[in-house]
Amino acid sequence: MKKLIILTLFTAIGINATAQNYIITKFGVSADSTKLNTKAIQSVIDKAYQKGGGTIVIPKGVYLSGALFFKPKTKLLLQEGAVLKGSDNIKDYPFIPSRMEGRSLKYFAALINATKVDGFSISGPGTIDGNGLKFWKTFWAHRDSLKKLGRESTNLEVSRPRLLFIWGCNNVNIKGVKLRNSGFWTTHLYQSNNVLIENCDIRSPFRPVKAPSTDGIDIDFCKKVTIRNCYISVNDDAICIKGGKGPDAQKLPENGIVEDILIENCTIGEAHATLTMGSECIHARNITMRNCKVENNCPILKMKMRGDTYQLYENITVENITGKCGAIIDLNPWKQFFDLGGSTAKPFGTIRNIKIANIKVEATKFGEMDGNPEDKVSGFLFKDLEVTTKTPFLKNRYQDVKIENVMVNGSPLVVKP
């Protein structure tokens, strides 16, 4: 009876009593929110790994840390009231082999890193807070200084850490956790399969200081990813499909297809786009977003067409969407940092078998379909849409686009070239 009571109590506070749990405060980790705990927390992770695995438990309190590296058979649990807060000093994030913006390169580690950790999980209800304000201010100051010189700044010129980087992991679960204020991308999945992100709350601000490039979830060369019952509001793309960029990207083994992605029952707040294909994407296939609510003024589906990369977007369905948004569709050239790298190739994009159906929204405009001159579009269907907007027409220059029962402001959709 006593054992049953203890098991019930552990379950109630989020601890799996049948596995080895490592509550960090029992291993010398300070509850002083101003003290850097990187080495102490990492030693707990290492200890769990050396003893065959276990769950690293963050109890109630605020714990300051730099980059942490999870090992095989280790997991992370943040209890109610727990905050793992990222250091705002880039020196606390090692410069190591990584993946950024569709290329394999050296970059700064994320706050939470898992490489080849099959079965890795992050569980809430606590918070991982990137503490990104200092990084954001530095970014904007740098960009403003270059703008005065007539130059553009790339995202990588200001050193900033991501919040989560999951690389080469299978059977990953991220559940019930709050992800906040990342310095750079919030959740980056790379070469990882069978991933579930569920009941998470992902946010970064637009004001008073914008949190630049804080994508909610970046899916980069991954298969079988499900995003379910999440709230996402970030100062960039909410959910972004990646996989590589450049005129020879499709030939490089570190790049590849993103396929079998399901996004359902999510709410997307303020963002730059709800679902984005690209800009660093060579092949996206079997992508479904359904039963979601939008509360923003950004596109529902944004297709970034790079003139320097061969791209194939196919078998994409967006259906049962309600709320307020920007455009229904935004299919346009993406010219930011165009770079053929001396190649004589003439890349183009191919889009086929796309369905946008059962949409009932108030939009800022219906949208545009006007990619690069050589891009090819076929099998694009709009079906059963009810839209109210002040810009009630679709700008479209492609032939194989079908419109079935699409009503805008109570009248059939008007298509203009």
Side-chain angles (χ1 to χ4, degrees), residues 219 227 237-241 257-266 268 273-278 281-294 296 298-305 311-334 348-389 391-417:
I219 307 173
I227 302 166
D237 299 323
I239 300 167
C240 191
I241 308 300
I257 188 171
V258 174
E259 64 179 334
D260 299 332
I261 309 301
L262 174 62
I263 303 151
E264 63 179 357
N265 301 321
C266 292
I268 309 300
T274 291
L275 174 61
T276 296
M277 302 291 137
C281 182
I282 57 174
H283 193 178
R285 179 172 64 198
N286 303 340
I287 315 292
T288 298
M289 180 172 72
R290 66 190 184 196
N291 305 328
C292 292
K293 184 176 181 181
V294 288
N296 54 51
C298 66
I300 294 177
L301 178 61
K302 187 177 183 70
M303 294 181 148
K304 297 179 178 179
M305 308 309 297
Q311 296 173 308
L312 173 56
Y313 302 149
E314 59 180 342
N315 305 342
I316 298 167
T317 299
V318 177
E319 61 185 358
N320 301 332
I321 310 297
T322 61
K324 295 184 178 181
C325 64
I328 309 301
I329 178 68
D330 183 331
L331 191 168
N332 279 295
W334 186 256
F348 61 90
T350 301
I351 299 172
R352 61 193 183 206
N353 301 329
I354 313 297
K355 183 171 77 169
I356 299 179
N358 298 317
I359 311 291
K360 186 175 182 179
V361 293
E362 180 182 335
T364 57
K365 62 180 180 178
F366 195 93
E368 299 174 351
M369 298 179 64
D370 189 14
N372 295 300
E374 301 303 317
D375 292 343
K376 300 175 179 11
V377 175
S378 63
F380 207 114
L381 172 65
F382 294 92
K383 184 177 181 179
D384 299 332
L385 274 66
E386 185 177 334
V387 180
T388 57
T389 177
T391 310
F393 61 87
L394 170 64
K395 180 182 178 183
N396 171 47
R397 66 181 185 85
Y398 301 104
Q399 294 296 316
D400 194 6
V401 177
K402 294 182 179 179
I403 312 293
E404 297 182 8
N405 189 32
V406 176
M407 305 298 289
V408 180
N409 299 340
S411 300
L413 173 66
V414 175
V415 180
K416 295 182 178 182

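Keep in mind it's a predicted model, so treat the numbers as computed, not measured.
- Within the model, atoms CD1 of Ile268 and CG of Asp237 stand 11.0 Å from one another, a figure rounded to the nearest 0.5 Å.
- To the nearest 0.5 angstrom, Asn396 atom CG is 5.0 Å from Met369 atom CE.
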>> Could you go through Cys292 and Ile263, starting from their C-alpha distance and side-chain angles, then the distance that decides it, and tell me whether this counts as side-chain contact (heavy atoms from CB on, under 4.5 Å)?
In response: CA-CA 8 Å; Cys292 292; Ile263 303 151; 4.3 Å; yes

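- Of all heavy-atom pairs between Val258 and Ile287, the closest is O-CD1, 4.0 Å.
- Side-chain atoms of Leu312 and Arg285, non-hydrogen and from C-beta on, never get closer than 4.5 Å to each other.
- No more than 12 heavy-atom neighbours from other residues, nucleotides or ligands sit within 6.0 angstrom of CD on Gln399.
- Side-chain atoms of Asn332 never come within 3.5 Å of backbone atoms of Glu368 as a donor-acceptor pair (strictly under, hydrogens ignored).
- A pairwise comparison of heavy atoms in Gly349 and Asp375 identifies N-OD1, 2.7 Å as the closest pair.
- In this structure, Glu264 CD and Arg290 CZ are separated by 4.5 Å, a value rounded to the nearest 0.5 Å.
- Going from atom OG1 of Thr391 over to atom CG of Asn409 covers 9.5 Å, rounded to the nearest 0.5 Å.
- Not one N or O on the side chain of Asn372 forms a donor-acceptor pair closer than 3.5 Å with the backbone of Glu374.
- Side-chain contact, Glu259 with His283: no donor N or O sits under 3.5 Å from an acceptor N or O.
- Leu394 is not listed as a side-chain neighbour of Val408, based on a closest heavy-atom distance of 4.5 Å or more.
- For the pair Thr389 (side chain) and Ala363 (backbone), a donor-acceptor distance under 3.5 Å is present.
- The side-chain heavy atoms of Ile354 and Leu301, taken from C-beta on, include a pair separated by under 4.5 Å.
- Looking only at atom types and distance, the side chain of Asp384 has a donor-acceptor partner in the side chain of Asn405 under 3.5 Å away.
- Taking CE of Met289 as the start and CD1 of Ile356 as the end, the distance is 8.5 Å to the nearest 0.5 Å.
- At least one donor-acceptor pair under 3.5 Å links the side chain of Tyr313 to the backbone N or O of Met277.
- With a 4.5 Å cut-off on side-chain heavy atoms, Leu413 and Phe382 do not count as touching.
- Shortest non-hydrogen contact noted between Gly278 and Cys240 is O-SG, 2.9 Å.
- Side chain of Arg397 to backbone of Gly371: a donor-acceptor contact under 3.5 angstrom is found.
- Applying the salt bridge (Lys or Arg N to Asp or Glu O under 4.0 Å) test to every pair with at least one member in residues 319-334, sequence neighbours left out, gives these pairs: Lys302-Asp330.
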> How far apart are the C-alpha atoms of Ile321 and Val294, what are their side-chain angles, what is the distance that settles it, and do they pass the side-chain contact (heavy atoms from CB on, under 4.5 Å) test?
Replying inline: CA-CA 7 Å; Ile321 310 297; Val294 288; 4.1 Å; yes

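- Looking at heavy atoms from C-beta onward, Val406 lies in side-chain contact with Phe366 at the 4.5 angstrom threshold.
- In this structure, Val414 and Pro392 have side chains that are not in contact, with every pair of non-hydrogen atoms separated by 4.5 Å or more.
- The nearest pair of heavy atoms linking Leu385 to Ala357 is CD1-CA, 4.1 Å.
- Taking CD1 from Ile359 and CG from Asn320, the interatomic distance works out to 7.0 Å, rounded to the nearest 0.5 Å.
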